[in-house]
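Notes for the one structure printed next.
Atom set for the values below is all heavy atoms of this structure, side chains included, hydrogens, waters and symmetry mates excluded.
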Amino acid sequence: MVYAFITGFLFVALIAAGVVIFLLHFIRSKKGRGVKKWQLGLAAGMAGVGFVLMIFIPGSFHTVDAGTVAVVKQLGVITDIESPGTYFDFWLIRNYQIYDAKVQQVEIKMDAYTSDAQSMDISMVVQFQIRQENLTEIAINYGGLDKLTNRIQSVAIERTKATLSQYQAEKLIEERNKISPTVEEEISKAIGDKYYVTFNSAVLTDITFSEAFEAAVEAKMMAQQEKLQAEYENQKKEAQAKTALEVARMEAQAVVARAQAQADSQVAIAEAEAKSIMLKSVEIARMLGYEVDETVTEVEEGKKEVSYEIKYDTTHTGADIAEYMKYIEYLSKWDGKLPQVVTGENGFMITVPSTPGNNG
């Protein structure tokens, strides 16, 4: 553009010079001075040449901006492909057709139908970029970027409708994020290398169904949510009931365990008391001159058990052992008062005073 401006300025200056020369000669002729014909011809020629050059030359400067590429045609025949820059070519013979080489973004709106005949409005964005090495084929087959873009748009619409028609409406609503990559893949396959472009992406930006269908889907989803909530509440109640049952079972087991422990304790106490009485009896028997047999038995490894057998005869009947045991019990409970002694024909009897709470 700078070169065209400078050239145009020069041509205007040349025309102005011719006009000035013509006026100078005209003024001289008014003053009575003669003007030669060749001088008038020179002035007219300079003006004419400047005018012709001003028409033809500036238009022959061609500028290809950054991000674009030009197809050069000479008398209708493609001869060159020019990259960004400024070129001088006579415009009556050579023509520059500019193509945008940047990524093209096409916004598409369409209506489509699902497999269950639900109508929907689709919005999508498709991006592609022309291949500069195939610019000649694009110019020959399509004549311009607009027609090529329309073709890409038609392919995208056809593939999108065909893909979405395989899904039911509810499935599309549930899997919108998964559907877009599927559509993009189908469009990419359809475009391939057929249209001399590099396919970049296709994104479904919006899928809108009718208001009635949207309301029906929303109502169904709410019903499902309520059902799930009810199921959750039932499961929660079942879990609480199971927990309560388990707690009751464990409490019952604890009661049984406590009762068993108490019973075992009482048995152990009784066994200990019985053993204590038996040992006391053995000790008293020995003291009174009874013969006592002692037997040692190994009940388990490292543990032995001793059993005793008191020998009775006519002299040692065991009655004195019993009397002595009562005497010992009396001494353990004696409060310091003298005991009551009752004599009889069979000897004497010591009455052991009872203690509070012991009526036996």
Side-chain angles (χ1 to χ4, degrees), residues 67-68 99-132 134-135 137-138 141-240:
T68 62
Y99 285 80
D100 191 348
K102 298 187 293 296
V103 175
Q104 304 298 305
Q105 179 166 303
V106 183
E107 296 183 0
I108 303 174
K109 295 184 181 295
M110 72 188 88
D111 54 2
Y113 290 89
T114 61
S115 61
D116 50 350
Q118 291 292 336
S119 63
M120 53 186 169
D121 295 325
I122 307 297
S123 297
M124 67 183 305
V125 176
V126 175
Q127 291 185 339
F128 67 91
Q129 191 172 16
I130 63 173
R131 297 176 182 171
Q132 297 186 28
N134 298 118
L135 196 57
E137 289 82 356
I138 294 175
N141 289 287
Y142 296 98
L145 185 58
D146 290 341
K147 291 183 179 180
L148 175 61
T149 300
N150 290 337
R151 181 55 184 160
I152 298 297
Q153 181 172 332
S154 298
V155 172
I157 292 174
E158 187 274 329
R159 284 289 82 203
T160 301
K161 289 185 175 183
T163 302
L164 297 183
S165 65
Q166 301 175 13
Y167 294 88
Q168 292 185 348
E170 291 187 12
K171 194 71 172 179
L172 282 176
I173 293 176
E174 294 174 0
E175 301 183 357
R176 287 188 182 186
N177 294 334
K178 298 180 181 179
I179 298 299
S180 188
T182 303
V183 172
E184 182 179 65
E185 183 179 358
E186 292 297 321
I187 295 175
S188 178
K189 290 179 181 179
I191 292 177
D193 295 326
K194 300 177 184 178
Y195 304 103
Y196 315 109
V197 299
T198 299
F199 174 76
N200 291 344
S201 65
V203 179
L204 294 175
T205 56
D206 186 45
I207 300 177
T208 304
F209 293 92
S210 64
E211 293 183 0
F213 179 74
E214 293 277 4
V217 171
E218 184 178 358
K220 182 178 179 180
M221 292 180 66
M222 290 181 63
Q224 290 177 346
Q225 290 295 326
E226 291 175 355
K227 180 181 177 181
L228 291 174
Q229 183 65 26
E231 291 177 354
Y232 169 75
E233 293 295 338
N234 290 336
Q235 292 175 357
K236 184 178 179 181
K237 291 179 180 179
E238 290 179 1
Q240 291 175 345

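Across every non-hydrogen atom of L145 and Y99, the tightest pair is N-CE2, 3.6 Å. Among all heavy-atom pairs drawn from N141 and Y196, the shortest one is ND2-OH, 3.7 Å. Between A190 and V155, the shortest heavy-atom contact is CB-CG1, 3.6 Å. Residue A202 comes nearest to E184 through the heavy atom pair N-OE2, 3.1 Å, listed as atom of the first residue, atom of the second, then distance. What you find for T205 and M124 is that their closest heavy atoms are OG1-N, 3.7 Å. Across all their heavy atoms, A169 and D116 have their closest contact at N-OD1, 3.2 Å.
Listed by first then second residue, pairs satisfying salt bridge (charged side-chain N to carboxylate O under 4.0 Å, His left out) with a partner in residues 148-167 read D111-K161, R159-E186, not counting sequence neighbours. For residues 190-202, the pairs satisfying salt bridge (charged side-chain N to carboxylate O under 4.0 Å, His left out) are R131-D193, with sequence neighbours left out.
For the salt bridge (Lys or Arg N to Asp or Glu O under 4.0 Å) test, no residue two or more places apart in sequence or in another chain qualifies with K178. Under the salt bridge (Lys or Arg N to Asp or Glu O under 4.0 Å) criterion, K171 pairs with E175, sequence neighbours left out. The side chain to side chain donor-acceptor pair (under 3.5 Å) search around D146 returns none, not counting sequence neighbours. The side chain to side chain contact (heavy atoms under 4.5 Å, CB included) test applied to S165 returns no partner, not counting sequence neighbours. Under the rule for a side chain to side chain donor-acceptor pair (under 3.5 Å), the partners of Q105 that lie at least two apart in sequence or sit in another chain are Q127. Every salt bridge (Lys or Arg N to Asp or Glu O under 4.0 Å) that D100 has, sequence neighbours left out, goes to K102. The side chain to side chain contact (heavy atoms under 4.5 Å, CB included) check on E185 picks up K189, with sequence neighbours excluded. Considering only residues two or more places apart in sequence or on other chains, S123 meets the side chain to side chain donor-acceptor pair (under 3.5 Å) condition with K109. Residues satisfying the side chain to side chain donor-acceptor pair (under 3.5 Å) criterion with T149, sequence neighbours excluded, are absent altogether. Applying the salt bridge (Lys or Arg N to Asp or Glu O under 4.0 Å) test to K237 and every residue at least two apart in sequence or in another chain returns nothing.
Atoms OG1 and CD, on T198 and Q104 in that order, are 12.0 Å from each other to the nearest 0.5 Å. A distance of 6.5 Å separates CG of L204 from CD1 of I122, quoted to the nearest 0.5 Å. Here the straight-line distance linking atom OG1 of T163 with atom CD1 of I187 works out to 7.5 Å at 0.5 Å rounding.
Put simply, the side chain of Q168 never gets that close to the backbone of T114: no donor and acceptor are under 3.5 Å apart. Checking side-chain atoms of S180 against main-chain N and O of V203 turns up no donor-acceptor pair under 3.5 Å.
For the side-chain contact (heavy atoms from CB on, under 4.5 Å) test with M120, the passing option among T208, L172, D206 is L172; the others fail.
Around the CD atom of Q240, the shell of radius 6.0 Å holds more than 12 heavy atoms that belong to other residues, nucleotides or ligands.
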message: For a side-chain contact (heavy atoms from CB on, under 4.5 Å) check, start with the C-alpha distance between Y142 and N150, then their side-chain angles and the critical distance, and finish with the verdict.
response: CA-CA 10 Å; Y142 296 98; N150 290 337; over 6 Å; no
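With a 4.5 Å cut-off on side-chain heavy atoms, I152 and Y195 count as touching.
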